[in-house]
Amino acid sequence: MLDSTEGCRGLSMLADRETGQCIATSSWKDEEAMRASDDQLRPLRDRGKDIVGGSMQIDEWEIVVMHHSHHGECARVSWLQGDVDAMAETFRVGVLPELEQTAGFCSASLLVNRSSGLGCATTAWESRAAMEASRSAADNMRSRAASDAGGEIVDVHEFDLAYAHLHVPEMA
């Protein structure tokens with residue numbers, strides 16, 4: 001259904017198979033296309049919630065950084081609170097170059113919600129082993145980004161990449 005929805009640039013889904021937590025992300029050509037799709041997609045979201053038997057939260061984010069070389073099999077998601085412009089600058093000039101030198105790194109994105117001051121950084125990894133090996137370096141990068149943004153780390157969670165079909169252009 002999403003493929004046939006005007007303005008949709010695809011879907012990805014992250015899943016923690018142990019906890020049952022999932023994050024499904026759709027991307028849109030622009031905010032107008034996203035808003036126009038709401039009535040059409042609401043029944044699909046409701047049906048999905050009924051199938052999995054869980055709760056659902058819908059958030060809207062702006063993509064400020066998107067860098068990808070290839071798909072991986074797992075991802076780490078970090079939520080940071082702070083100055084989103086400072087967060088974006090640190091991510092672009094400090095974090096991305098370091099990530100690119102990290103074994104097993106596949107892609108990274110930074111989404112922000114300007115009204116709440118929340119950032120959501122996602123990194124994808126070739127394998128669970130590569131992601132696990134990057135934890136210490138990732139902790140340092142995340143702490144630096146939170147500090148530079150005058151904020152704090154809200155949460156960090158690791159997932160399997162269950163589905164990756166986003167067609168978002170490079171925005172580094």
Side-chain angles (χ1 to χ4, degrees), residues 1-80 84 87-88 91-92 95-97 99-100 102 104-116 118-128 130-131 134 138 142 145 154-172:
M1 181 179 212
L2 277 172
D3 284 341
S4 64
T5 304
E6 180 70 30
C8 184
R9 288 190 168 161
L11 172 77
S12 70
M13 186 169 140
L14 305 176
D16 180 330
R17 297 174 198 288
E18 290 179 23
T19 67
Q21 182 179 2
C22 296
I23 298 175
T25 303
S26 58
S27 179
W28 300 89
K29 181 180 98 176
D30 54 33
E31 188 173 358
E32 184 180 336
M34 179 183 70
R35 298 229 182 277
S37 73
D38 193 50
D39 287 341
Q40 182 181 0
L41 297 180
R42 186 174 295 120
L44 182 64
R45 287 192 298 260
D46 290 344
R47 183 168 178 258
K49 185 177 87 168
D50 291 343
I51 289 169
V52 299
S55 62
M56 181 185 304
Q57 176 180 326
I58 299 172
D59 297 314
E60 294 179 3
W61 301 88
E62 171 190 350
I63 302 169
V64 294
V65 177
M66 178 64 67
H67 174 69
H68 44 82
S69 60
H70 56 286
H71 292 297
E73 71 175 40
C74 53
R76 180 180 299 116
V77 182
S78 304
W79 290 269
L80 302 135
V84 296
M87 203 181 299
F91 199 81
R92 277 189 193 97
V95 173
L96 269 180
L99 283 169
E100 289 177 322
T102 306
F105 170 75
C106 297
S107 65
S109 64
L110 177 64
L111 313 179
V112 300
N113 181 310
R114 292 184 185 280
S115 63
S116 68
L118 194 61
C120 178
T122 302
T123 55
W125 301 89
E126 288 178 352
S127 66
R128 175 114 354 226
M131 184 171 66
S134 74
R142 188 180 312 105
V154 176
D155 196 12
V156 180
H157 201 98
E158 295 179 346
F159 297 91
D160 292 325
L161 184 55
Y163 186 76
H165 193 63
L166 285 177
H167 303 290
V168 178
E170 184 82 8
M171 300 171 61

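Since this is a predicted model, take the numbers as computed values, not measurements.
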Using a 3.5 Å cut-off and no angle test, enumerate the donor-acceptor pairs between side-chain atoms of residues 50-65 and protein atoms at least two apart in sequence or in another chain.
unit_1, atom_1, unit_2, atom_2, d
Q57, NE2, D59, OD1, 3.1
Q57, NE2, D59, OD2, 2.8
E60, OE1, R35, NH1, 3.0
E60, OE1, R35, NH2, 2.8
E60, OE2, R35, NH1, 2.8
E62, OE1, R114, NE, 2.8
E62, OE2, R114, NH2, 3.4

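- Put simply, the side chain of T5 reaches to within 4.5 Å of the side chain of W28, judged on heavy atoms.
- Residue C106 comes nearest to W125 through the heavy atom pair SG-C, 3.6 Å, listed as atom of the first residue, atom of the second, then distance.
- Residues G104 and A130 share a closest heavy-atom pair of CA-CB, 3.8 Å.
- With a 6.0 Å radius and a threshold of 12 heavy atoms from other residues, nucleotides or ligands, Q40 has its CD atom above the threshold.
- Considering every non-hydrogen atom in both E73 and E126, the closest pair reads CG-O, 3.1 Å.
- Once rounded to the nearest 0.5 Å, the distance linking CG of L161 with CD1 of I23 reads 11.5 Å.
- Annotation: side chain of D38 is in contact with side chain of R45 (closest heavy-atom distance under 4.5 Å).
- Checked for salt-bridge contact, D46 and R42 miss the test: no charged N lies under 4.0 Å from a carboxylate O.
- Summarising the geometry of F91 relative to S109, their closest heavy-atom pair is CZ-O, 3.7 Å, with the distance given to 0.1 Å.
- The two residues L99 and A108 have their closest heavy-atom pair at CD1-CB, 4.0 Å.
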Less than 3.5 Å apart, which donor and acceptor atoms pair up between the side chains of residues 6-17 and the rest of the protein, not counting sequence neighbours?
unit_1, atom_1, unit_2, atom_2, d
D16, OD1, E18, N, 2.9
D16, OD1, T19, N, 3.1
D16, OD2, T19, OG1, 3.4
D16, OD2, H157, NE2, 2.7
R17, NE, D160, OD2, 2.9

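- Between D39 and P43, the shortest heavy-atom distance links the atoms O-CD, 3.3 Å.
- A parallel orientation is assigned to the rings of H67 and F105, their planes being inclined by less than 30° (bins at 30° and 60°).
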